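Just the heavy atoms: all of them, side chains too, but no hydrogens, waters or symmetry mates, feed the values below. Treat the numbers as computed from the prediction; the structure is a model and nothing was measured. Chain letters run A, B, ... following the sequence lines, proteins first, then strands; residues in each count from 1.
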Amino acid sequence: MPELPEVENIRRVIEPRLLGRKIIRAKLLRPDIIAYPSLEEFQDAVIGFRIKEVCRRGKYLVLMAEDGARLDLHLRMTGQLLAVPADFPEEKHTHLVFYLDDGRELRFADTRRFGRFWFLKPGEEDQVTGIESLGPEPLERDFSAKYLEEQLNRKKRPVKQALLAQGIVAGIGNIYSDEILFAAGVAPLRRCDTLMDAEWGKVAAAARDVIRKAIEDNRMTEEEYLDGKGKRYKNYEFFVYGRAGQPCKRCGTELKQVMIGGRSSVYCPKCQG
DNA sequence: TTTACTGTTCACCA
DNA sequence: GTGGTGAACAGTAA
């Protein structure tokens, strides 16, 4: 479900509710969402976890504890994370509840159960979450046209697939990769090794612009977030995603859809050369 | 009833 | 080793 902009907004909404709070109890209803360490270790370890910071890396959320421990999670397709009062109605498919020391609860619900949690002890090297192999964030300085060109100029894969590769750039998924390529004027099927330097420039700039705008447009208050139960967060206007067969908002040409690496991709045959 | 789906990993094959 | 495809995870909604 959520890509970088949505995860960032979830982070912004829940962080104020979690800072300084301590987990006093955990209720785990679906053990399969715990990826690491073992169930017993996880349940023991999170008790007493006092939240010092809520961070995001790519599509991951990372809760940092005062003692240096880490509680990481990935929402995958349908995960919802809610920090709510105890009397807030419980979502269907709630799999994990952390009870906080102020009476509120941090709840994880996930219809498709693809989401995962990891707990890392203070100082423990992260060899399990996948965060270590992420590429740069699109909004950080080390993400640039030069970086993309160096990483990809000999790759034969379609540029769409390169944008989806978390090891190349972190946080972009199927929605925003389509939006970025439209903004850059580059067709999703273009092989990386055929892109000119100027085109890498457009892709890098479009990635920054689209992601930045999506974060801003998806921005919401806690109330709006809770009204949407943590799963409605789209105010960003799509130019191509989900619009196959409809006219391009820029030139009116009918938008086309293709399958690339098992994912659908929508683009404008005229605007994206 | 069938199909597609905002994520990621892994098995398999050329 | 490389690259591409499809399945798997599980549930919902069109």
Side-chain angles (χ1 to χ4, degrees), chain A residues 1-11 29-36 56-61 72-81 91-96 108-118 126-135 138 151-182 188-189 191-194 207 210-211 214-215 217-218 220 225 228-246 257-267:
Chain A
M1 183 104 87
E3 302 181 24
L4 187 160
E6 291 79 29
V7 178
E8 176 60 19
N9 274 293
I10 294 169
R11 191 197 68 74
L29 301 105
R30 281 284 182 178
D32 48 334
I33 63 167
I34 307 304
Y36 178 88
R56 179 195 56 74
R57 178 74 173 94
K59 302 172 195 170
Y60 294 80
L61 283 168
D72 296 11
L73 66 139
H74 195 302
L75 299 169
R76 296 281 175 94
M77 299 279 262
T78 53
Q80 305 155 246
L81 191 65
E91 275 295 278
K92 200 175 167 186
H93 305 295
T94 293
H95 307 313
L96 177 58
F108 175 73
D110 187 356
T111 38
R112 292 170 74 179
R113 306 210 313 256
F114 293 170
R116 290 293 179 267
F117 281 78
W118 298 263
D126 178 10
Q127 297 181 306
V128 290
T129 66
I131 287 178
E132 292 302 312
S133 54
L134 292 177
Q151 291 288 315
L152 301 170
N153 68 11
R154 284 179 298 280
K155 302 285 188 196
K156 298 187 174 82
R157 52 167 33 168
V159 62
K160 162 83 175 177
Q161 277 187 317
L163 288 182
L164 288 172
Q166 303 300 301
I168 296 294
V169 53
I172 295 171
N174 205 35
I175 293 179
Y176 292 111
S177 55
D178 272 7
E179 296 297 319
I180 288 165
L181 288 170
F182 176 79
L189 277 167
R191 278 170 42 159
C192 287
D193 60 1
T194 69
V210 167
I211 295 298
I215 291 173
D217 292 357
N218 279 323
M220 64 183 113
Y225 182 72
K229 310 286 174 33
K231 57 186 172 185
R232 191 178 66 223
Y233 30 52
K234 296 283 182 306
N235 294 304
Y236 181 83
E237 181 195 355
F238 298 135
F239 283 89
V240 287
Y241 177 79
R243 300 192 63 246
Q246 297 177 46
Q257 179 165 338
V258 289
M259 287 297 277
I260 303 173
R263 315 301 301 281
S264 69
S265 181
V266 183
Y267 67 104

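Contact annotation for A/Q161: no contact, since no heavy-atom pair falls under 4.0 Å across all strands. Residue-level contact check: A/K155 touches neither bases nor backbone, having no heavy atom under 4.0 Å from any strand. Within the 4.0 angstrom heavy-atom criterion, only backbone atoms of the sugar-phosphate kind lie near A/G173; the bases stay farther away.
One distance of note links CG of A/L73 with CG of A/L75; it measures 5.5 Å at 0.5 Å rounding. Annotation: the span from A/D193 atom CG to A/N153 atom CG amounts to 8.5 Å, rounded to 0.5 Å.
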(Q) Pair A/R30, A/D32 - check salt bridge (charged side-chain N to carboxylate O under 4.0 Å, His left out), show working. (A) CA-CA 6 Å; A/R30 281 284 182 178; A/D32 48 334; 5.0 Å; no
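OP1 or OP2 of B/dT8 sits under 4.0 Å from a side-chain N or O of A/Q166. Taking 4.0 angstrom as the limit, A/K156 places none of its side-chain polar atoms (N or O) nearer than this to OP1 or OP2 of C/dG3. Between A/K92 and C/dT12, a side-chain N or O to OP1/OP2 separation shorter than 4.0 Å is present. Using a 4.0 Å cut-off, no side-chain N or O of A/R157 falls inside it from OP1 or OP2 of C/dG4. When the side-chain nitrogen and oxygen atoms of A/S264 are compared with OP1 and OP2 of B/dA4, none of them lie within a distance under 4.0 Å. Under 4.0 angstrom from either OP1 or OP2 of C/dG11 there lies no side-chain N or O belonging to A/H93.
One atom, CD1 of A/I260, and another, P of B/dC5, lie 13 Å apart when rounded to the nearest Å. Between A/F117 atom CZ and B/dT8 atom P there is a gap of 16 Å when expressed in whole angstrom units. Put simply, OH on A/Y241 is 13 Å from P on B/dA4, counting in whole angstrom units. At whole-Å resolution of the value, CZ in A/R113 and C1' in B/dT8 are 17 Å apart. Here the C1' atom of nucleotide B/dG7 and the CZ atom of A/R57 are 17 Å apart, to the nearest Å. Atom CZ of A/R263 and atom C1' of B/dT8 are 9 Å apart (whole Å). The distance from atom CH2 of A/W118 to atom C1' of B/dT9 is 11 Å, rounded to the nearest whole Å. Rounded to an integer number of Å, the gap from A/D32 CG to B/dT8 P is 18 Å.
Taking the six-membered ring where tryptophan is involved, the planes of A/H74 and A/Y60 are perpendicular, since the angle between them exceeds 60° and thus also 30°.
In this structure, the aromatic ring of A/F114 is positioned over the six-membered ring of the base of C/dC9, centres within 5.5 Å and planes within 30°.
Of the candidate nucleotides B/dC5, B/dG7, C/dG11, B/dC5 has the atom nearest to the side chain of A/Q257.
Looking at heavy atoms from C-beta onward, A/L96 lies in side-chain contact with A/F117 at the 4.5 angstrom threshold.
C/dA7 and B/dT3 have their P atoms separated by 13 Å, given to the nearest Å.
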